[in-house]
Amino acid sequence: MHAIRTLAAGAALALAAAAPLHAADPAAGRPVTLIVPFAAGGGVDGMGRLLAERLRGEMPQGVVVENKPGASGMLGAQTVVRSAPDGATLLLGSAGETAINPLVFKSKMQYQPEKDLAPIALIARVPNVLVANPRLPVSSVEQLVAYGRANPDRLTYATSGVGNPQHLNGELLQSLAGIKMVHVPYKGASAQLVDVAAGSVDLTFVSLAGALPFIKSGKVKPLAVTSAKRASFAPDIPAVAEYAPLADYALENWFGVFVPAATPADVQQKLAAAIGRALKDEKLVASLRELGGEVQPMSQDEFRDFIKAQTAVFAKVVADGHITAEN
């Protein structure tokens, strides 16, 4: 059944690829808007602008990026949910506002991702990197676990907020390793890294793109990446899972394109085909890697199944860690 569904999806995408996007798009004539639910100038914004630039060759009406930060990405997502379902407004959504937020915000959520948004394409998987203050007497995950067990509640780790993938990275590490660390939420990666470099906080989980200048200067030391395997753009940094007792460790952020759920199927297919062609561009792939993203093209059905599987992983970590952002 899965094979039949995959073949059917492939056939639909092939048909969609044969026609320009605007042919079945009632919004033809006005630019497509890609909503980035985070502030301009950051890594997510950079990813959105790279994608928009490449998509301008696929969409005759043009593509513009609009930043709508706020409410842990939910403000931008709500903008897309409430927009006309005509293919003219897209969301560059992350794991947070499309999978994790419903688990930790609950009553604050004003939309339901699985009902209100249609996944179009996965753009990139983005593992975090665990970095430490150089003076912390550990140089590997194995040593970190041993230190944590010998010093319960002494280790501190910074993230960019309660309930985001970085926070879940820390909770999963504690759960699998049997250690207890103190979570210190921040509002941005720069402050996290500065304080880890200064020794105010021992550790932080952060994107490799954000950490790289600190790593190269020796201000922080990398211990591991949070993906199941080493990242292609950081082959010298081991994965947490390489430490055998934590072989099940894998939790990363990811970014994909979404549209309002009521968007017609043929418009969704044309969007998926256009993005699929864009992700075959070696220059775009290389640029996304520089931002810490692993490109992994998927069909719409595969992306939908991926989100379901990832949500199950996040839900277990949230439940085990009793994580809530309701307060």
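What you see below is based on every heavy atom in this structure, not just the backbone, and it leaves out hydrogens, waters and symmetry mates.
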### Message
Tell me whether Q300 contacts the main-chain N or O of A272 through its side chain, where contact means a donor paired with an acceptor under 3.5 Å.
### Response
no
### Task
Check whether any side-chain heavy atom of V129 lies under 4.5 Å from a side-chain heavy atom of T226, and answer yes or no.
no
### Message
Closer than 3.5 angstrom, by distance alone: can the side chain of S94 be matched with the main-chain N or O of G96 as a donor-acceptor pair?
### Response
yes
### Query
With hydrophobic residues grouped by side-chain heavy-atom distances under 4.5 Å, do V44 and L288 end up in a single group?
yes
#### Entry: Test log, rule side-chain contact (heavy atoms from CB on, under 4.5 Å), inputs V257 and L51
CA-CA 10 Å; V257 172; L51 179 63; 3.8 Å; yes
### Query
Any sub-3.5 Å donor-acceptor pair from S175's side-chain atoms to E171's backbone N or O?
no
### Flag for Q192-T159: side-chain donor and acceptor within less than 3.5 Å
no
### Query
Is the backbone of A177 close enough, under 3.5 Å, to the side chain of R149 for a donor and an acceptor to pair up by distance?
yes
### Query
Do V141 and V131 belong together in a cluster built from hydrophobic side chains that touch within less than 4.5 Å?
no
### Evaluation steps, side-chain contact (heavy atoms from CB on, under 4.5 Å), between L173 and L246
CA-CA 8 Å; L173 178 62; L246 304 185; 3.7 Å; yes
### Query
Under 3.5 Å, side chain of T89 to main-chain N/O of P85, donor-acceptor pair present?
no
### Query
Where do L92 and L34 come nearest, in terms of heavy atoms and distance?
N-CD1, 3.9 Å
### Query
Less than 4.5 Å apart, any side-chain heavy atom of L91 and any of L117?
yes
### Query
Between S217 and F214, which heavy-atom pair has the shortest distance, and what is it?
OG-O, 3.1 Å
### Task
Identify whether the distance between the nearest side-chain nitrogen and carboxylate oxygen of E242 and R230 falls below 4.0 Å.
yes
### Message
Give me the atom names and distance for the closest heavy-atom approach of M59 to L271.
### Response
CE-CD2, 3.6 Å
### Closest non-hydrogen atom pair, I307 against P119
CD1-CB, 3.8 Å
### Task
Apply the test salt bridge (Lys or Arg N to Asp or Glu O under 4.0 Å) to residues E302 and R304: give CA-CA distance (whole Å), side-chain angles for both, the deciding distance (0.1 Å), then the verdict.
CA-CA 5 Å; E302 288 171 337; R304 190 175 290 108; over 6 Å; no
### Message
Can you confirm whether L223 sits close enough to L144 that some side-chain heavy atom of one is under 4.5 Å from a side-chain heavy atom of the other?
### Response
yes
### Message
Can a side-chain donor-acceptor contact be found between S160 and Q166 if the only test is distance below 3.5 angstrom?
### Response
yes
### Task
Side-chain contact test, heavy atoms from C-beta onward, threshold under 4.5 Å: evaluate it for V81 versus D116 and give yes or no.
yes
### Query
Is the shortest heavy-atom distance from the side chain of F255 to the side chain of V126 under 4.5 Å?
yes
### Message
Can a donor-acceptor pair be found, under 3.5 Å and without considering hydrogens, that links the side chain of D320 to the backbone of V317?
### Response
no
### Task
Kindly determine whether S72 and E97 satisfy side-chain contact (heavy atoms from CB on, under 4.5 Å), including the steps that lead there.
CA-CA 7 Å; S72 298; E97 60 274 8; over 6 Å; no
### Query
If you take all heavy atoms of I120 and I275, which pair is closest and at what distance?
CG2-CD1, 4.0 Å
### Query
Out of curiosity, M47 CE to S207 OG, how far, rounded to the nearest 0.5 Å?
9.0 Å
### Task
Would you check if T156 and L203 make a side-chain contact, meaning some heavy-atom pair closer than 4.5 Å?
no
### Query
P213 and G210: which non-hydrogen atoms are nearest, and at how many Å?
CD-O, 3.6 Å
### Query
Within a strict 4.5 Å, meaning less than it, do heavy atoms of the L284 and L50 side chains meet?
yes
### Task
Determine yes or no for a side-chain-to-main-chain donor-acceptor pair under 3.5 angstrom, with E294 supplying the side chain and S232 the backbone.
yes
### Query
Same cluster for V240 and F314 if Ile/Leu/Val/Met/Phe/Trp/Tyr side chains link at under 4.5 Å?
yes
### Basic-acidic side-chain contact under 4.0 Å: K180, D153
no
### Task
Using a 4.5 Å cut-off on heavy atoms from C-beta on, say whether the side chain of D45 contacts that of N67.
yes
### Message
Would Q143 and Y243 count as a side-chain contact (heavy atoms from CB on, under 4.5 Å) here? Give the steps.
### Response
CA-CA 10 Å; Q143 292 177 5; Y243 174 46; over 6 Å; no
### Query
Around atom NZ of K221, are there more than 12 heavy atoms of other residues, nucleotides or ligands at under 6.0 Å?
yes
### Query
Side chains of Y249 and N169: donor-acceptor distance under 3.5 Å anywhere?
yes
### Message
Please tell me whether Q61 and R56 have a donor and an acceptor in their side chains that are separated by less than 3.5 angstrom.
### Response
no
### Task
Go through the side-chain N and O atoms of N253 and N128 and say whether any donor and acceptor fall under 3.5 Å apart.
no
### Query
Do R135 side-chain atoms and A198 backbone N/O form a donor-acceptor pair below 3.5 Å?
yes
### Query
Do E252 and R125 meet the salt-bridge criterion of a basic N to acidic O distance under 4.0 Å?
yes
### Message
Between F303 and F258 (judged by ring centroids, cut-off 6.0 Å), do the two rings come close enough to count as a pair?
### Response
yes
#### Entry: Heavy-atom donor-acceptor pair, D202 side chain to Y157 backbone, under 3.5 Å
no
### Task
Kindly check if the number of other-residue, nucleotide or ligand heavy atoms within 6.0 Å of CZ (R154) is above 12?
no
### Task
Say whether, by atom type as modelled, one donor and one acceptor occur between the side chain of E58 and the main chain of L55 under 3.5 angstrom.
no
